[in-house]
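Data first, discussion second: the structure below is written as structure tokens.
Residue numbers start from 1 in every chain, and the chains themselves are labelled A, B, ... in the order their sequence lines are given, proteins ahead of strands.
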Amino acid sequence: NAGVTQTPKFRVLKTGQSMTLLCAQDMNHEYMYWYRQDPGMGLRLIHYSVGEGTTAKGEVPDGYNVSRLKKQNFLLGLESAAPSQTSVYFCASMRGAGGHEQYFGPGTRLTVT
Amino acid sequence: GENVEQHPSTLSVQEGDSAVIKCTYSDSASNYFPWYKQELGKRPQLIIDIRSNVGEKKDQRIAVTLNKTAKHFSLHITETQPEDSAVYFCAANPGSNYQLIWGAGTKLIIKP
């Protein structure tokens, strides 16, 4: 099992450019999450999904969109990147409700200049 | 909604000593409390968790205690080693069940 994987690992964007981050999990988990982590800071939830075809806003959703067309994939889009979106982005998945471990991907380091 | 506070933000201990990190939560419906360790440049990984029907859980040098009445839970690391240096996050699973509410993190420094 690969667990949770993220593509790409690193990316540099210019202000105004767009990009999509891909998260994939092979554990058949229902729930998936996108977090951002700024240097020396904690985890902030951007968007999450509780099943295929569903998405919901988290704590800091502005400037991001998501899609979950397939159960194993969760995509995070930046339509018009801003320097404030420079961060490390982590995807995570969880089996379902009832309190379970969240499994994290290795992260994507994004720099917006 | 649920709010999780974590203290201290930085903890420096001598190698071999014990370390204790504390978290408080606000939602009495929360029923699952995990602790994650994040080494520099790596992803967060679960190290131990506890459910609301248990008061204490141990795994070798680490333990977690839960006081539901006071709404706080703590991570205890004994006989600290250099590889324990990392950022530790606590979290709580509120009644909604679909997300974790995270503490701000504690940077643990082990002094040789």
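Using modelled atom types, no side-chain atom of A/D38 and backbone atom of A/M41 make a donor-acceptor pair closer than 3.5 Å.
When the candidates B/G41, B/A91, B/G103, B/P44 are compared by the number of heavy-atom contacts under 4.5 Å with chain A, B/P44 comes out ahead. Between chain A and the options B/Q45, B/R51, B/K42, the largest number of non-hydrogen pairs under 4.5 Å is found for B/R51.
For A/E30, no part lies near chain B; criterion is any non-hydrogen pair under 4.5 Å. Contacts of A/V4 with chain B are made by backbone atoms alone, with heavy-atom separations under 4.5 Å and no side-chain atom involved. Neither the backbone nor the side chain of B/P34 comes within contact range of chain A, judged by heavy atoms closer than 4.5 Å. Contacts of B/Q38 with chain A are made by side-chain atoms alone, with heavy-atom separations under 4.5 Å and no backbone atom involved. Proximity to chain B is absent for every atom of A/Y103, based on heavy atoms less than 4.5 angstrom apart.
With a 4.5 Å cut-off on side-chain heavy atoms, B/Y88 and B/I77 count as touching.
Ring planes of B/Y25 and B/F33: tilted class, angle from 30 to 60°. Ring pair A/F104/A/F90 is perpendicular by interplanar angle, where above 60° counts as perpendicular and below 30° as parallel.
For B/G1 against B/S26, the heavy-atom pair with the smallest separation is O-OG, 3.7 Å.
For A/H100 and A/Y31, the ring centers sit 6.0 Å or farther from each other.
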